[in-house]
Undergrad: 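Would you mind keeping the following structure in view while I ask a few things?
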There are 2 protein chains.
Amino acid sequence: MIRISTKTQYGLRAMVYLAKNKKKTCSLKEISKAEKIPFDYLEKIVSRIEKSGLIESKRGSHGGYFLARSPSKVKTGEIVRVLEGREGLVSCIADKNGRKRNCPLSKKCLTKKFWLRIQNSLEKALNSITLANLIAK
Amino acid sequence: MIRISTKTQYGLRAMVYLAKNKKKTCSLKEISKAEKIPFDYLEKIVSRIEKSGLIESKRGSHGGYFLARSPSKVKTGEIVRVLEGREGLVSCIADKNGRKRNCPLSKKCLTKKFWLRIQNSLEKALNSITLANLIAK
DNA sequence: TTAAAACCGACTATTATTGTCGGTTTTAGT
DNA sequence: ACTAAAACCGACAATAATAGTCGGTTTTAA
């Protein structure tokens, strides 16, 4: 089966943690311990998410991270998109620096529309679930 | 976005080619040329598909490959599963030599069920489309 | 002033992907 | 029987992506 990178899994876990603790700012140390994610790697991941605007940070002592919006306003699809990077389930679908290896068939290719359809269905699934849904159960 | 490997893309294209030419046996040379897939790589891919039983081969001169079933009986999900290998969208979901890196949280993890849900939705999409559907349009 | 935190860029190790190569075996046609 | 075309096979190699590490700088509350 197609794999989700552990980066994305870590990232989602971190986001869920922030959603569960949305009253306070959470330090990387805290998240890293609670979720058993390597500290330095987590930093890179969270910094990436922060740049996307999904979370915000407070620097200095007693600093940390917190959600930029309420958990019910954060779709899991947004998180996955930020961390998985590249656009397109297959390389011949659009680019946004997922690098488009131009398929030599393009026009005639019967599979392109198919992959597009799968991609849409996947995105639909991801966008139908929010962080609030995840912490609800 | 999550990526489908080019191996799987090649494999699907090859299968579509066989579906379009289901009257005859098609040689790798022929498929490779028509679909612009590196010959040696294609061989590896097709050999893998053959072992799964989705296609059959005839050896020797005038040999080649052909579908083991009618295109309407071959779900795209089967092809993807064979080529993508590993089970589970995330590593903590089952193993079948996708190698399970055991998640230290397991029980408490709120995200596992989520990934499972996404995986199901993806499989459903893939299993709802057959080779016949692809060549129909 | 100090300690705890975010922030940053470069580096490294490991693994997966995408091929390539050199050969063997099988088979139809001559 | 010989030849050419094909499948079949295992090992190798190059590249890219992933996962993780490291050494520092900057900011801020106490």
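Below, each value reflects all heavy atoms present in this structure, side chains not excepted, and no hydrogens, waters or symmetry copies. Below, chains carry the letters A, B, ... as their sequence lines are ordered, and counting in each starts from 1.
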Undergrad: Of the candidate nucleotides D:dC9, C:dT20, C:dC7, which contains the atom at the shortest distance from the side chain of B:E43?
TA: D:dC9
Undergrad: Tell me the interatomic distance from A:R3, atom CZ, to D:dA19, atom P, rounded to whole angstroms.
TA: 10 Å
Undergrad: If you find the nucleotide of DNA chain D closest to B:V46 and the one closest to A:K44, which residue's nucleotide is nearer the 5' end?
TA: B:V46
Undergrad: May I ask you to evaluate whether B:Y10 reaches the phosphate of C:dT18, defined as a side-chain N or O under 4.0 Å from OP1 or OP2?
TA: no
Undergrad: Without decimals, in angstroms, what is the distance between A:Y41 OH and C:dG9 C1'?
TA: 16 Å
Undergrad: Which pair of heavy atoms, one from A:R13 and one from A:K36, lies closest together, and at what distance?
TA: NH2-O, 4.0 Å
Undergrad: Nearest heavy-atom pair of B:N127 and B:R81: which atoms, and what distance?
TA: OD1-NH2, 3.8 Å
Undergrad: More 5' along DNA chain C: A:G63 or A:K51, using each one's nearest nucleotide?
TA: A:G63
Undergrad: Rounding to an integer number of Å, can you tell me how far A:L83 CG sits from D:dA19 P?
TA: 11 Å
Undergrad: What is the distance, to the nearest angstrom, from the CZ atom on A:R48 to the C1' atom on C:dC8?
TA: 15 Å
Undergrad: Distance check needed: D:dC8 P versus B:F39 CZ, whole Å only.
TA: 11 Å
Undergrad: Which is true for A:S5 with a 4.0 Å heavy-atom rule: it touches a base, it touches only sugar-phosphate, or it touches nothing?
TA: sugar-phosphate
Undergrad: Nucleotide by nucleotide, 5' to 3', does protein get under 4.0 Å of the base (B), only the sugar-phosphate (S), or neither (-) in nucleotides 25-30 of chain C, counting heavy atoms?
TA: BBBSS-
Undergrad: Between B:S5 and B:T8 (side chain of the first, backbone of the second, donor and acceptor by atom type, cut-off under 3.5 Å), is there such a pair?
TA: yes
Undergrad: Tell me yes or no: between the side chains of B:S128 and B:K124, is some donor less than 3.5 Å from an acceptor?
TA: no
Undergrad: Quick one: is A:T6 getting a side-chain N or O under 4.0 Å of the D:dA19 phosphate, OP1 or OP2?
TA: yes
Undergrad: What integer distance in Å separates A:Q9:CD from D:dT18:C1'?
TA: 12 Å
Undergrad: Starting at atom CG of B:D40, determine the distance to atom P of D:dA6, rounded to an integer number of angstrom.
TA: 14 Å
Undergrad: Backbone N or O of A:F114 within a donor-acceptor pair of the A:T111 side chain at under 3.5 Å?
TA: no
Undergrad: For a quick test of reading the model: is some side-chain N or O of B:Y65 closer than 4.0 Å to OP1 or OP2 of D:dC8?
TA: yes
Undergrad: I need the B:K58 NZ to B:Y65 OH distance, nearest 0.5 Å.
TA: 13.0 Å
Undergrad: Could you tell me whether the phosphate oxygens of D:dC8, OP1 or OP2, come under 4.0 Å of any side-chain nitrogen or oxygen in B:S57?
TA: yes
Undergrad: Roughly how many Å is it from CD1 in A:I4 to P in D:dA17, rounded to a whole number?
TA: 17 Å
Undergrad: Counting side-chain heavy atoms from C-beta on, which of D:dC9, C:dT18, D:dA19 comes nearest to B:K7?
TA: C:dT18
Undergrad: Counting only N and O atoms by type, is there a donor-acceptor contact under 3.5 Å from the side chain of A:R69 to the main-chain atoms of A:L54?
TA: no
Undergrad: Taking all atoms of both residues into account, what is the closest heavy-atom pair of A:I4 and A:E84, and its distance?
TA: CG2-OE1, 4.3 Å
Undergrad: Does B:P38 offer a backbone N or O that forms a donor-acceptor pair with the side chain of B:S32 under 3.5 Å?
TA: no
Undergrad: I'd like to know if the side chain of A:N120 reaches the main chain of A:R117, judged simply by a donor and an acceptor atom lying under 3.5 Å from each other, with no hydrogens or angles considered.
TA: no
Undergrad: Heavy atoms within less than 4.0 Å of DNA chain D: which residues of residues 24-32 of chain B have one? Give them sorted by number.
TA: B:C26, B:S27, B:L28, B:K29
